[in-house]
There are 2 protein chains.
Amino acid sequence: MVESSGLPADAFCAKCPTRQVLDHIAGKWTVLIVDALLSDGTMRYTELARRIEGVSQKMLTQTLRALETDGFVTRTVHPTSPPHVDYTLTPLGHSLAEPITALRRWTETHINDIERARAAARPLPPTGAGLR
Amino acid sequence: MVESSGLPADAFCAKCPTRQVLDHIAGKWTVLIVDALLSDGTMRYTELARRIEGVSQKMLTQTLRALETDGFVTRTVHPTSPPHVDYTLTPLGHSLAEPITALRRWTETHINDIERARAAARPLPPTGAGLR
DNA sequence: CCGAATCCTGATAGATACTG
DNA sequence: CAGTATCTATCAGGATTCGG
């Protein structure tokens with residue numbers, strides 16, 4: 001597996017472009033956006049905003065633009081009033097959707113085990129999950 | 001699939017614990033750490049630091065602790081001098097490794113398509129994908 | 001009204017230095 | 001060796017604003 005700069009794709013190497021892409025994909029909202037578009041086909045901006053609870057307009061726009069430049073979604077503006085913007089997955093986006101859906105599914109399936117592990121790990125967690 | 005609080009697991013719902021877990025898993029370093037532990041079995045702190053280029057000590061520690069409380073890795077301290085700490089995947093961690101590895105593999109496989117899309121999208125920045 | 005850009009502020013990642 | 005403490009740069013989120 002060799003990419004255009006002639007080096008092997010290796011996500012463990014900080015320099016490899018794979019790393020940047022992985023960082024995008026691993027982003028908080030990417031999983032949910034791609035997943036939503038996979039199940040619904042084409043969605044409008046506000047449909048996505050409503051579907052993905054808790055996302056801000058800023059992050060939604062920002063993530064969608066990143067997905068667009070990476071070639072995962074296409075953005076179609078209908079010059080109507082009120083404005084109408086459609087987002088849909090490209091073939092590349094569809095192929096990305098597979099591992100991404102697998103990840104969300106895994107999480108939903110194993111949430112019980114994880115919550116049990118959390119309870120067992122720390123019998124008294126007040127706040128601040130990280131180290132501080 | 002119903003979790004302990006009696007609600008269906010739904011990552012699209014902001015309240016669902018699945019969301020928090022997904023945020024962890026989708027974190028920048030989690031993918032690389034779990035993946036490294038999968039291939040190497042057991043690794044020491046500095047082995048992980050060396051393997052995963054670009055990770056800071058802070059983020060490595062923080063991510064490892066999160067993985068530990070979520071039940072994905074076990075942390076074993078050998079009371080020797082110098083200190084010796086081993087990290088290894090739990091069975092739950094192993095099962096998580098499958099979708100995570102799939103994601104990294106996908107990225108490494110499709111990096112060509114993505115870079116092509118990026119070049120086509122805008123003759124400008126690769127990483128500054130945010131809106132400005 | 002929808003989609004998005006801007007400004008402001010609190011949280012978070014990262015670099016560096018220090019410690020048992 | 002394996003972290004911790006601290007400081008700083010960066011980024012996410014909220015509110016507001018704007019253009020069609």
Side-chain angles (χ1 to χ4, degrees), chain A residues 14-15 19-20 22-33 36-37 42-69 73-88 127-132, chain B residues 14-15 19-20 22-33 36-37 40 42-69 73-88 122 125-132:
Chain A
K15 298 283 201 299
R19 179 70 78 83
Q20 275 104 53
L22 192 60
D23 291 349
H24 280 176
I25 294 174
K28 202 172 176 178
W29 304 112
T30 305
V31 176
L32 297 172
I33 290 177
L37 287 176
T42 296
M43 294 181 82
R44 296 182 58 170
Y45 181 86
T46 36
E47 284 181 315
L48 282 165
R50 246 177 290 117
R51 178 74 185 279
I52 301 164
E53 284 185 32
V55 71
S56 65
Q57 291 185 330
K58 185 176 133 186
M59 288 316 296
L60 184 55
T61 301
Q62 193 170 307
T63 309
L64 283 168
R65 291 292 156 87
L67 290 172
E68 191 190 4
T69 61
V73 307
T74 51
R75 176 172 176 271
T76 311
V77 181
H78 303 276
T80 60
S81 179
H84 185 118
V85 182
D86 281 330
Y87 293 94
T88 185
T127 359
L131 72 171
R132 185 127 284 251
Chain B
K15 298 283 201 296
R19 179 70 79 81
Q20 276 105 51
L22 192 60
D23 290 349
H24 279 176
I25 293 173
K28 202 172 174 177
W29 304 113
T30 305
V31 176
L32 297 171
I33 291 176
L37 288 175
D40 278 35
T42 297
M43 293 182 81
R44 299 181 58 168
Y45 182 86
T46 36
E47 284 181 313
L48 283 165
R50 245 178 290 117
R51 178 76 184 278
I52 301 164
E53 284 184 33
V55 70
S56 65
Q57 292 183 327
K58 183 177 136 185
M59 288 316 295
L60 183 55
T61 302
Q62 193 169 305
T63 310
L64 283 168
R65 291 293 154 87
L67 290 171
E68 191 190 1
T69 61
V73 307
T74 50
R75 179 173 175 270
T76 312
V77 181
H78 301 275
T80 59
S81 178
H84 185 119
V85 181
D86 280 329
Y87 293 93
T88 186
R122 278 191 192 180
T127 317
L131 71 171
R132 184 128 279 258

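Just the heavy atoms: all of them, side chains too, but no hydrogens, waters or symmetry mates, feed the values below.
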field: Nucleic acid footprint by protein, nucleotides 15-20 of chain D - heavy-atom cut-off 4.0 Å, B for base, S for sugar-phosphate alone
entry: -B--BB
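The interatomic distance linking Trp29(A) (CH2) with dC11(D) (P) rounds to 18 Å, in whole Å. For Asp23(B) and dA11(C), the CG to P distance is 17 Å, given to the nearest whole Å. Put simply, CE on Met43(B) is 14 Å from P on dC1(D), counting in whole angstrom units. Nucleotide dA2(D) holds its C1' atom 13 Å from the NE2 atom of His78(B), rounded to whole Å. Look at CE on Met59(B): it is 19 Å from P on dA2(D), rounded to the nearest Å. Rounded to whole Å, atom P of dA2(D) lies 8 Å from atom CD of Glu47(B). Following rounding to the nearest Å, Tyr45(A) (OH) and dC1(C) (C1') show an atom-to-atom distance of 14 Å. Between Asp86(B) atom CG and dG3(D) atom P there is a gap of 11 Å when expressed in whole angstrom units.
Heavy atoms only, all atoms of each residue included: Pro83(B) and Arg44(B) are closest at O-NH2, 3.4 Å.
With distances taken from any side-chain atom of Thr46(B) to the nucleotides dA2(D), dC2(C), dT4(D), the minimum falls on dA2(D). Comparing dA13(C), dA5(C), dG14(C) by their nearest atom to the side chain of Gln62(B) picks out dA13(C). In the set dA2(D), dA15(C), dA4(C), the nucleotide with an atom closest to the side chain of Ser56(B) is dA15(C). Distances from the side chain of Tyr87(A) to the nucleotides dA4(C), dA15(C), dG3(C) place dA4(C) closest.
With contacts defined as side-chain heavy-atom distances shorter than 4.5 Å, the pair Leu67(A)/Leu37(A) does not qualify. Between His78(A) and Asp86(A) the shortest side-chain heavy-atom distance falls below 4.5 Å.
Side-chain atoms of Thr30(A) come within 3.5 Å of backbone N or O of His24(A) as a donor-acceptor pair.
In this structure, Arg75(A) does not reach the dG3(C) phosphate: none of its side-chain N or O atoms is under 4.0 Å from OP1 or OP2.
Under the side-chain contact (heavy atoms from CB on, under 4.5 Å) test applied with Val55(A), the options Met59(A), Glu53(A), Lys58(A), Gln57(A) reduce to a single match, Met59(A). Each of Thr63(A), Leu60(A), Leu32(A) was compared with Leu48(A) under the side-chain contact (heavy atoms from CB on, under 4.5 Å) criterion, and only Leu60(A) meets it.
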